[in-house]
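Remember, it's a predicted structure, so these values are computed and weren't measured experimentally. Protein chains get the first letters and strands the later ones, always in sequence-line order, with residue 1 at the start of each.
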2 protein chains.
Amino acid sequence: MLPPGSVTTPAVLVDAAVLGANLRAMADSAARRGIILRPHAKTHKSAEVAHRQLAAGAAGISVATLGEAEAFADAGIGDIFIAYPVWPDAGRAARLRELAARVRLSVGTDSVPAVRRLAAAQAPVRVLVEVDCGLARSGVAPADAGRVAAAAARAGLPVDGVFTFPGHSYAPGAPGPAARDEAAALAAAAASLEAAGLPCPVRSGGSTPSAALSCGPADGGPVTELRPGVYAFGDAQQVALGSATLDQVALTVQATVVSVPAADRFILDSGAKVLGPDRPAWVPGHGLLPGYPDAVITGLWEHHAVVRMAPGAAPLPEAGDQVTVIPNHVCTVVNLVDWLHVVTDGAVTARWPVTARGRNT
Amino acid sequence: MLPPGSVTTPAVLVDAAVLGANLRAMADSAARRGIILRPHAKTHKSAEVAHRQLAAGAAGISVATLGEAEAFADAGIGDIFIAYPVWPDAGRAARLRELAARVRLSVGTDSVPAVRRLAAAQAPVRVLVEVDCGLARSGVAPADAGRVAAAAARAGLPVDGVFTFPGHSYAPGAPGPAARDEAAALAAAAASLEAAGLPCPVRSGGSTPSAALSCGPADGGPVTELRPGVYAFGDAQQVALGSATLDQVALTVQATVVSVPAADRFILDSGAKVLGPDRPAWVPGHGLLPGYPDAVITGLWEHHAVVRMAPGAAPLPEAGDQVTVIPNHVCTVVNLVDWLHVVTDGAVTARWPVTARGRNT
């Protein structure tokens, strides 16, 4: 935590050394398995972080929206995959043409109608077919990937392969099974493309909880590319799932105790408009307080975090004290602020803009 | 809903006529009861909406943060109450001095240490003491209000009265009891001030679910001022609680169907980064689809809303169709976007900036 007075709370801090270690660890882990790393930049929305990921060995970045792709292209990133079933309406078709003229741009698709619209957009984009590996979100069944890919190829679109998001890794005990589902789905999808006479060089998966378990070419596995996002910063969800330790969390929120209304309760100014309201049942509260391990954030309003402690368990902080909070889900935190305060050796040494903050269309 | 092509989805739309009717209805309702209306502007963060609230009869606005207060002051709003236990650290003390020199500024407090810091800030701010009427968030017990108010008066701060937030109105059946708690707490707090020899002209309460039930001077009740926020726009929570009908919801999200991966499921591009992740157990899903009354948004990721319908119950939309979504909690939606698209007679007639977007410190 920074000394009081360093920032106006609630403020989002990024520990530069921990961030760097996280970026290197994932890059090394992927490289050891022969897997290409294409980190998901929706987590950080930051050109500074994206450039560091590329410097650490990433081949390009993944994003969720065309707006994010435009923001990162403007920041000099040259290889971008929109890992989303983009629907190219007239406005997006024009934007795809503009963007694909200046960066290597790939987009996701999961239907023949979308493929037809993509082809009609006449943008030089590359295509990957999204398959569902168990999350039941978007994506076709793996056996259907060849049908969509063949439609794309017939329409003149270059098809690089398939992708999936094993997001059902987000539960205790789930990363292992999710990684197995990911491998099975990508292998089946690749076989489906090959049965349609199409090569499938890119078989892209990855979520932070399961990323260490994805099986790549060096081990005879089907996963050629990973798109984890949260690993850069870590958060309370990853701590709960065992995919980050407290010491590996690079992003925290510095908050002020604004009220101590009772002997078992204090109130922080880090509400849902900075911590984000995500709270799965398997995390202990609305964020972690490393300085108060017995404390639980039991309630979260827009500008109030209500923290409970057993009476007498430990001294409560006083009004005006500042504390560190680890948010539950870092991707939503970053999208709520305009600046990341970069901390090196206990002091703010830089402020990074959230380059793609709000670029969600 | 707007014709496709009117906006880039996901987009936040505001129906100007419905908004105007909502503003007039609450202003009239408060006036009939002899209650001053000071709407909470954290809901809309919009200077355009704030000016319309003042034109409809509001005496001033409430905000949650000093940053919001500064943004609205810059937009010409002259009477602002920060309904929050502001902790005036050195940075905020300077900002309070600057702001209080140009607008009529009131701030909340709930402790003697905060009062001392406020006095030391030497900003010409007025003070209201926050009391807890049952939410167990910030605020002192009503009987303690006189102690804090007396400390403020001794420190030379002008004390206007007391305020509370009956936020435990947010549950089915809860608005009535919450309004009674609000009245009891404000009456007790006022008595506590009077016992300390201090007048208590302002007894401020209000939440949108309970606002119609607050008992004001015209009915012999203790509530002199109301600070509802959500009433301006309405949302799915208010519909569930009966404090708004579907026709009274002024703010909606226009979304595109990006994928129809199964016979019982379609995917919208309105994820948590526009709808906000709020989901109390007593609303039916992550938002309402008025055009598909049988549909339930069962899953929400950052850029995906997963909508389920019973197979064969009704025709699913097709990929590329656009639909209207009513978010669960409008305050978090507005903070996620930079623009509100104003709709009049079925067309976008203006774009209002979200003046205080992200001004949460």
Side-chain angles (χ1 to χ4, degrees), chain A residues 4-5 8-11 42 64-65 67 84-87 89-92 110-111 113-114 117 130 132 136-141 167 256-262 265 267 269 271-274 276-279 299 301-304 306 318-320 329 331-332 335-338 357-358 360-361, chain B residues 4-5 8-11 42 64-65 67 84-87 89-92 110-111 113-114 117 130 132 136-141 167 256-262 265 267 269 271-274 276-279 299 301-304 306 318-320 329 331-332 335-338 357-358 360-361:
Chain A
T8 299
T9 65
K42 73 178 169 63
T65 69
Y84 191 83
V86 173
W87 184 260
D89 54 22
R92 282 194 176 82
D110 76 347
S111 72
R117 298 289 295 237
E130 182 176 15
D132 178 16
R137 202 172 70 174
S138 48
V140 294
T256 297
V257 177
V258 294
S259 174
V260 188
R265 186 168 95 232
I267 315 296
D269 61 1
K273 278 181 175 166
V274 67
D278 297 72
R279 202 215 146 167
W301 283 263
E302 289 161 65
H303 301 278
H304 301 74
V306 175
E318 295 183 358
H329 184 198
C331 303
T332 59
N335 186 49
L336 292 166
V337 296
D338 294 299
R357 204 275 320 150
N360 297 321
T361 63
Chain B
T8 299
T9 65
K42 73 179 168 62
T65 67
Y84 191 83
V86 174
W87 183 261
D89 54 22
R92 283 194 175 82
D110 76 347
S111 72
R117 298 288 295 238
E130 183 176 14
D132 177 15
R137 201 172 70 174
S138 49
V140 294
T256 297
V257 177
V258 293
S259 175
V260 188
R265 186 168 94 233
I267 314 296
D269 61 0
K273 278 180 175 167
V274 66
D278 297 71
R279 203 215 145 169
W301 283 263
E302 289 161 63
H303 301 278
H304 301 73
V306 176
E318 295 182 359
H329 184 199
C331 303
T332 59
N335 186 50
L336 291 166
V337 296
D338 293 300
R357 204 277 320 149
N360 297 321
T361 63

Option in A:Gly91, A:Gly320, A:Ala64, A:Ala11 with maximal non-hydrogen atom pairs under 4.5 Å from chain B: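 With the most close heavy-atom pairs to chain B, the winner is A:Gly320.
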
Checked A:Ala90, A:Pro113, A:Gly358, A:Pro10 vs chain B; the most non-hydrogen pairs under 4.5 Å come from A:Pro10

Part of [X] within contact of chain B (heavy atom distance under 4.5 Å):
X	value
A:Ala319	both
A:Asp110	side chain
A:Ala136	both
A:Asp269	both

Proximity breakdown for B:Asp338 and chain A, heavy-atom pairs closer than 4.5 Å: side chain

Report the distance from atom NZ of A:Lys273 to atom CZ of B:Arg357, rounding to the nearest 0.5 Å.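 One finds 11.0 Å between NZ of A:Lys273 and CZ of B:Arg357.
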
Between atom CG of B:Asn360 and atom OG1 of A:Thr8, what is the distance when rounded to the nearest 0.5 Å? 12.5 Å

For B:Ile267, which residues count as a side chain to side chain contact (heavy atoms under 4.5 Å, CB included) partner, sequence neighbours excluded? A:Ser138, B:Val258, B:Ser259, B:Pro261, B:Arg265, B:His304, B:Val306

Going by the rule side chain to side chain contact (heavy atoms under 4.5 Å, CB included), which residues pair with A:Arg117 if we only count those two or more places apart in sequence or in a different chain? A:Trp87, A:Pro88, A:Asp89

Find out whether A:Asn335 and B:Leu336 are in side-chain contact, i.e. whether some heavy atom of one side chain is under 4.5 Å from a heavy atom of the other. yes

Could you tell me if the side chain of B:Cys331 sits less than 4.5 Å from the side chain of A:Glu302, heavy atoms only? yes

With side chain to side chain contact (heavy atoms under 4.5 Å, CB included) as the criterion, how do A:His303 and B:Thr361 come out once you've worked through the C-alpha distance, each side chain's angles and the decisive distance to 0.1 Å? CA-CA 9 Å; A:His303 301 278; B:Thr361 63; over 6 Å; no

